[in-house]
Asks: 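Sharing a structure, written as structure tokens. Questions coming.
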Amino acid sequence: MGSNSSRISDLPKNEYLKKLSGTESISENDPFWNQLLSFSFPAPTSSTELKLLEEATISVCKSLVENNPRTGNLCALIKVFLSRTKELKLSAECQNHIFIWQTNNALFIICCLLKVFICEMSEEELQLHFTYEEKSPGSYSSNSEDLLEELLCCLVQLITDIPLLDITYEISVEAISTMVVFLSCQLFHKEVLRQSISHKYLMQGPCLPYTSKLVKTLLYNFIRQEKPPPPGAHVFPQQSDGGGLLYGLASGVATGLWTVFTLGGVGSKAAASPELSSPLANQSLLLLLVLANLTDAPEAPNPYRQAIMSFKNTQDSSPFPSSIPHAFQINFNSLYTALCEQQTSDKATLLLYTLLHQNSNVRTYMLARTDMENLVLPILEILYHVEERNSHHVYMALIILLILTEDDGFNRSIHEVILKNITWYSERVLTEISLGSLLILVVIRTIQYNMTRTRDKYLHTNCLAALANMSAQFRSLHQYAAQRIISYTCRHLRRYVYVLDKLYFPHSHCSTLQHCFSALSDNGEELLSLTCSHILRSYASSLFSLLSKKHNKVLEQATQSLRSSLSSSDVPLPDYAQDLSVIEEVIRMMLEIINSCLTNSLHHNPNLVYALLYKRDLFEQFRTHPSFQDIMQNIDLVITFFSSRLLQAGAELSVERVLDIIKQGVVALPKDRLKKFPELKFKYVEEEQPEEFFIPYVWSLVYNSAVGLYWNPQDIQLFTMDSD
């Protein structure tokens, strides 16, 4: 770009870029390259400027695409860069700022050109531009040197081998960004790519031996969160002759690459993230996630995923099994700390999920930590602010909780961690609560939000599974957590009766019951519980009697009757009819969770018994329900037993007195009277072809948060763009 470029808008008219993309072949030894690579212009500071840079690059690229088959200038530029990288390590040691600055500028130009080339042509066409033979201009040969693979390997070596200093920070970021661009062909395909040239180069050949080193380097870049050197830290004297080199800021073009640009949301909505402090960590994490989610090659599994699955703690001195390829060690304490601190970003949450799910060494280490609240609290805060997060981020946070709750030790220990003043929880002032009780509150709130807003079955199923996994180890539940378990169940019990009423008797359903439900607030607090209980006492038994005859057949007939009453066969069933099976599933699971707690840890949870007794009128109506009779046995037994003891104690009992009676009664209740059920245990299993979910998700993160990379949203095929 040379000394004449000072603004992005000047790039299409720049004489050096015109020559690069023109019809004249340029030897790799030509002094032209020193002039081209000595540029400095104000860095892009907004998505608008990044878009301008993209548009300026496209105009140059179109000319280069047309002329390069005859000139080979792209190959010459890459060879100039490759020759310079051989001296890069020595230049870093010798503090040769100018050499590193120009090398970075070469890589910046290559990255910009590559990005447009990859968007505009197939991989096969791209490869032809990289296999130009200088000896025979305009011809291609399968035997010619493949600069594409050589460039990719050079980038891997640059990332892993060049020491991270102030003067090399920028080129390290640029090398990682260029690797992301290399793999970005996925963005322009609707289907997940199973095979590609870039995948092949990374999974075999000269790049393969660097697998573990690359993964380790990217992980440590994320862990260390190295900040960029301050802009203008290295200033050179400017030469006076206009045709010579321009010695400007060593930061050159890429100063602006140190600023994150959020370019719109993908999925539900873009997650709010703090100001980016480490572009190197950001780009490293994105590249790591892209590599980890490459599809397996036909003849070999993804080596980067293998490396992520098998690395161990530096404190672990046991030898690696010979069957594990690409193994390495990393400091787990540093990794844990970084993961705890970075959970506000989707990327870090996805990395945490990946490690917990795929690396048993990491999972075992984390579950043994005595400060799990540092990891769990940020995850709970993601779920608590569900309306502000995109759906994928919420899914990952929830699945992390599900994986953690598979461990009984975790389920016990979280009730021993006492937290004070959880400021982000706004429904109620929580001056002191256990981590376990807080987890219950947040998960129930998430289910509730989902049932009333997003209505995603996958989400509520996983929420209930996490609660079920914990239920046998519930300990000393906070009174508010116990109340929310019972009140949330009651809300669905009432809703269930209301839906049944509308389904079986669509023209004569109980108007009072409908009024009760129209008055229920979105956050699930029962405003008219006494009225509902009164109605249920006289009404629910007749509905359940009808159900007990032939539940499924009656339900099917009622549904058909309702459908036939609709004016058109194309009109879908009302929400309440579609919801019935979902509500029944939620009720069943909540009753099983309550039953599991009563059966396994009744003596530890007087607050749950208290909340259950407070709502006993409603629960008593469901003892005859055909779908819940079995699970209601223990709940009904507990209600009957403690109700009789309260009756014996007299009327006008204080809360404290009721709790005392419950604590005394727990000791007197014969445990053999409670029916044993199979332990509630759910295990997270990835669905078949998980790449169909994860690859679009990872690339949406790249699109939204990659530093200094812009793609035209109209070109993106892999995922749909938000309208907002």
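From a predicted model like this one, the values you see are computed outputs, not experimental measurements. Residue indices begin at 1 and follow the sequence shown.
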Asks: Would you check if there is a donor-acceptor pair between the side chains of Ser177 and Gln283 at a distance under 3.5 Å?
Replies: yes
Asks: With no hydrogens and no angle check, just 3.5 Å: does a side-chain donor-acceptor pair link Asn302 and Asp296?
Replies: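 Per modelled atom types, Asn302 and Asp296 side chains form no pair under 3.5 Å.
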Asks: Would you tell me whether Gln479 and Arg484 have side-chain atoms, one donor and one acceptor, within less than 3.5 Å of each other?
Replies: no
Asks: Show your working on side chain to side chain contact (heavy atoms under 4.5 Å, CB included) between Gln358 and Arg305 and close with a plain yes or no.
Replies: CA-CA 9 Å; Gln358 298 185 3; Arg305 187 181 300 120; 3.4 Å; yes
Asks: Hey, mind stepping through Ser476 and His415 against side chain to side chain donor-acceptor pair (under 3.5 Å) and telling me if it holds?
Replies: CA-CA 7 Å; Ser476 304; His415 292 287; over 6 Å; no
Asks: Before giving the answer on side chain to side chain contact (heavy atoms under 4.5 Å, CB included), spell out for Asn361 and Phe332 the whole-Å C-alpha distance, their side-chain angles and the decisive distance to 0.1 Å.
Replies: CA-CA 9 Å; Asn361 300 320; Phe332 277 16; 4.1 Å; yes
Asks: Quick check: closest heavy atoms across Ala466 and Leu402, and the distance to 0.1 Å?
Replies: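 Where Ala466 meets Leu402 most closely, the heavy atoms are N-CD1, 3.8 Å.
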Asks: For the residue pair Ser334 and Thr337, confirm or rule out a side-chain donor-acceptor distance under 3.5 Å.
Replies: no
Asks: After noting the C-alpha distance and the side-chain angles of Leu214 and Leu288, does the key distance pass the side chain to side chain contact (heavy atoms under 4.5 Å, CB included) rule?
Replies: CA-CA 9 Å; Leu214 178 58; Leu288 182 64; over 6 Å; no
Asks: Looking at Asp408 and Lys681, does any basic side-chain N land under 4.0 Å from a carboxylate oxygen?
Replies: yes
Asks: Got a sec, which residues hit ring pair (Phe, Tyr, Trp, His ring centres under 6.0 Å) with Tyr425, two or more places apart in sequence or on another chain?
Replies: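 Partners of Tyr425 by the ring pair (Phe, Tyr, Trp, His ring centres under 6.0 Å) criterion, ordered by chain and then number, come out as Tyr384.
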Asks: Quick one: are Ile414 and Met470 in side-chain contact, heavy atoms under 4.5 Å?
Replies: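 Ile414 vs Met470: side chains touch.
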Asks: In sequence, state the C-alpha distance, the side-chain angles, and the governing distance for Glu592 and Arg588, and then conclude on salt bridge (Lys or Arg N to Asp or Glu O under 4.0 Å).
Replies: CA-CA 6 Å; Glu592 288 190 2; Arg588 174 78 192 187; 2.9 Å; yes
Asks: Measure across Thr295 and Leu193 and return the closest heavy-atom pair with its distance rounded to 0.1 Å.
Replies: OG1-O, 3.1 Å
Asks: Do you see a donor-acceptor pair shorter than 3.5 Å between the side chains of Lys312 and Asn359?
Replies: no
Asks: For the residue pair Phe693 and His392, does the interplanar ring angle fall in the parallel (under 30°), tilted (30 to 60°) or perpendicular (over 60°) class?
Replies: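 Taking His392 first and then Phe693, their aromatic rings sit tilted (interplane angle of 30° to 60°).
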Asks: Apply salt bridge (Lys or Arg N to Asp or Glu O under 4.0 Å) to residues Glu427 and Arg445 and explain how you reach the verdict.
Replies: CA-CA 10 Å; Glu427 270 84 350; Arg445 186 181 184 276; 2.7 Å; yes
Asks: How far apart are the C-alpha atoms of Val215 and His326, what are their side-chain angles, what is the distance that settles it, and do they pass the side chain to side chain contact (heavy atoms under 4.5 Å, CB included) test?
Replies: CA-CA 9 Å; Val215 172; His326 315 299; over 6 Å; no
Asks: Should the pair Phe694 and Tyr353 be assigned to parallel (<30°), tilted (30 to 60°) or perpendicular (>60°) ring geometry?
Replies: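 Plane angle under 30°, so parallel.
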Asks: Considering only heavy atoms from C-beta outward, does the side chain of Pro301 approach that of Gln306 to under 4.5 Å?
Replies: yes
Asks: In terms of relative ring orientation, are Tyr496 and Phe622 parallel, tilted or perpendicular, with 30° and 60° separating the classes?
Replies: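 Correct class here is tilted.
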Asks: Minimum heavy-atom separation for Ser627 to Glu584, with atom names?
Replies: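 So the minimum-distance heavy-atom pair works out to OG-OE2, 3.0 Å.
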Asks: For Phe328, run the ring-ring contact (aromatic ring centres under 6.0 Å, His included) check against Phe311, Tyr304, Tyr220 and tell me which one passes.
Replies: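 Of all the options given, the one that passes is Phe311.
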Asks: Taking the ring of His357 and the ring of Tyr684, is the distance between their centroids below 6.0 Å?
Replies: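 Between Tyr684 and His357, the centre distance is under 6.0 Å.
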Asks: Looking at Trp699 and Ser184, what are the two nearest heavy atoms and their distance?
Replies: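 That would be CH2-CA, 3.5 Å.
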Asks: For Ser434 and Glu416, test the side chains for any donor-to-acceptor distance below 3.5 angstrom and give the result as yes or no.
Replies: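 Result is no, nothing qualifies.
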Asks: Considering only NZ, NE, NH1 and NH2 on the basic side and carboxylate oxygens on the acidic side, decide whether Arg194 and Glu692 come within less than 4.0 Å.
Replies: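 Judged by the 4.0 Å cut-off on N to carboxylate O distance, Arg194 and Glu692 do form a salt bridge.
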Asks: Taking atom types as modelled, find out whether Thr349 and Gln343 have a side-chain donor-acceptor pair closer than 3.5 angstrom.
Replies: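 A pair is found: one side chain offers a donor N or O, the other an acceptor, under 3.5 Å apart.
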